[in-house]
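Here is the naming used below: chain letters follow the sequence lines, and residue numbers restart at 1 for every chain.
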2 protein chains.
Amino acid sequence: MKRKDKNTEQVILQTARKIFIQKGLAGARMQDIADQAGINKALVHYYFTSKNKLFDLVFEQEFGHFFANLATIISSDLPLFEKIENIVSLDIERMTQFPGLPNFVMNEMSRNPDVILKKLKKIPVNELLTGFQKQINTEFRKGNIRKISANQLLINIQSLCIFPFIARPMIKGLMQLDDKSYLAMIEKRKTEVAAFIIQAIKN
Amino acid sequence: MKRKDKNTEQVILQTARKIFIQKGLAGARMQDIADQAGINKALVHYYFTSKNKLFDLVFEQEFGHFFANLATIISSDLPLFEKIENIVSLDIERMTQFPGLPNFVMNEMSRNPDVILKKLKKIPVNELLTGFQKQINTEFRKGNIRKISANQLLINIQSLCIFPFIARPMIKGLMQLDDKSYLAMIEKRKTEVAAFIIQAIKN
DNA sequence: GAAAAAATTAACCATTTGGTTAAAATTTAT
DNA sequence: ATAAATTTTAACCAAATGGTTAATTTTTTC
């Protein structure tokens, strides 16, 4: 195994990501991570010092994916309905690309709210919400939409986009969908959810 | 500790529930359950045989809460909009009453989809969805609502009701809400979410 | 090519964990 | 009141776990 051909550190990280997402911090085993990475367990410690350190690193990366580009769209000059369409599209695409992500992030937020709070502080949420609320108020005054708070609207958008990924096994089970059907349904939601939301707020 | 005054089995069960909801199966420790129940660890094994057995029992009970009364409302003769209002109200009330429930159930569904599939098979979902779709079709033909599938509508309702509980720490962090403000916001959603949905499908 | 640095290995370690056991204590049944 | 049944206890157990160590191997540097 030559360093030029393979980067052991990266292999461990990818493997750890997969297992942490699947099993969570408590359920993941260092030996399993080593086995699946095809290395000796001591190497995990050599490169990452401890289970917690490795987990923190993985979580940092995954958490970054969660909010990727969202701020940019929310603060853009796009017309409101178009903005909603773009947020929905981006959210659903990202969750499709990283299917275990919402469960992973939500769990860790439950387990460890203080760490998350610290991370969230780095996001200029007030600015975003203020700008978004202004846009909403403008559209409301023009008579284009009904009254709604930026907070509630964003919660609704995220709810409609993310929950079906969290509830994937339940939805598949209840509605008797195989993977293909489930994914087709998710694909359809890209336009349907946006339309649902726009219709809900439209005057 | 007299049997007449306290039921050790129940105390263990309540404690286990709390800890399993908080830590999950892998993260919960039998010694912690015993400590918090104020008993000797061997007692947990005496009454419940193993960690897995105890967990299964707790999960069974919690899973029951998740779907409680939902089938009854969906299959009732209520007019569609009223039905939506009742589902939303019931969902939000139940999640307020059992705040850790959605995380707990969603996690276990991820971890153990086969077990969940088995449980879901006991719910007469096809009947429910068929009936609900009929009602929707009737309203659509009358020109009262837009076209939507029962599946997507139910997913949207559940998304809007449940996700804010799953994402509680994130919402609180991003929107800088304390517990009181968060709960006030949730209370408001009982009517707002129903109105949002009704508006989204109304013609 | 030799030395230094880095990566890898296999064995080992202390602690934790879920579970077991047998004795003691308590409750119930007669 | 005694015997039987049940509950509880404290000690113990084997395996699993995250982590450590020192030797060996490989790669990099000069």
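Between the CG atom of B:N52 and the P atom of C:dG19 there is a distance of 7 Å, given to the nearest Å. Taking atom NZ of A:K51 as the reference point, atom P of D:dA16 lies 15 Å away to the nearest angstrom. What separates CD1 of A:I39 from P of D:dG19 is a distance of 14 Å, to the nearest Å. In this structure, the CZ atom of B:F48 is 18 Å from the C1' atom of C:dT20, given to the nearest Å. Going from atom CG of B:L43 over to atom P of C:dT21 covers 16 Å, rounded to whole Å. Put simply, CZ on B:F20 is 9 Å from P on C:dG18, counting in whole angstrom units. Summarising the geometry, the separation between CD1 on B:I12 and C1' on D:dT7 is reported as 11 Å, rounded to the nearest angstrom. Distance, B:I19 CD1 to C:dG18 C1': 15 Å, rounded to whole Å.
For the side chain to side chain donor-acceptor pair (under 3.5 Å) with B:N137, the qualifying choice from B:Q135, B:K134, B:Q133 is B:Q133, the only one to do so.
For A:F66 and A:F165, the distance between ring centers is not under 6.0 angstrom. In this structure, the ring of A:F98 has its center no less than 6.0 angstrom from the ring center of A:F104.
OP1 or OP2 of C:dG18 has at least one side-chain nitrogen or oxygen of B:R29 nearer than 4.0 Å. For C:dT8, one of the phosphate oxygens OP1 or OP2 lies less than 4.0 angstrom from a side-chain nitrogen or oxygen of A:Y47. At D:dT8, one or more side-chain N or O atoms of B:T8 fall inside 4.0 Å of OP1 or OP2 (strictly under the cut-off).
Distances were taken from every side-chain heavy atom of B:M30 (C-beta onward) to each of C:dA7, C:dG18, D:dT20; the shortest belongs to C:dG18. Comparing C:dG19, D:dT9, D:dG18 against the side chain of B:S50 picks out C:dG19 as the nearest.
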(message) Quick one, A:K119 with A:E60, criterion salt bridge (Lys or Arg N to Asp or Glu O under 4.0 Å). Give me CA distance, side-chain angles, the key distance, then yes/no.
(response) CA-CA 9 Å; A:K119 289 183 194 299; A:E60 194 79 44; 2.7 Å; yes

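Remark: B:K172 does not engage B:D178 in a salt bridge, criterion side-chain N to carboxylate O under 4.0 Å.
Two residues, A:Y46 and A:N40, neighbour DNA chain C, and the one matched to the more 5' nucleotide by heavy-atom proximity is A:Y46.
Within 4.0 Å of B:A28, counting heavy atoms only, lie sugar-phosphate atoms of the nucleic acid but no base atom.
Counting atom types as modelled, B:K41 pairs a side-chain N or O with a base atom of C:dG19 as donor and acceptor under 3.5 Å.
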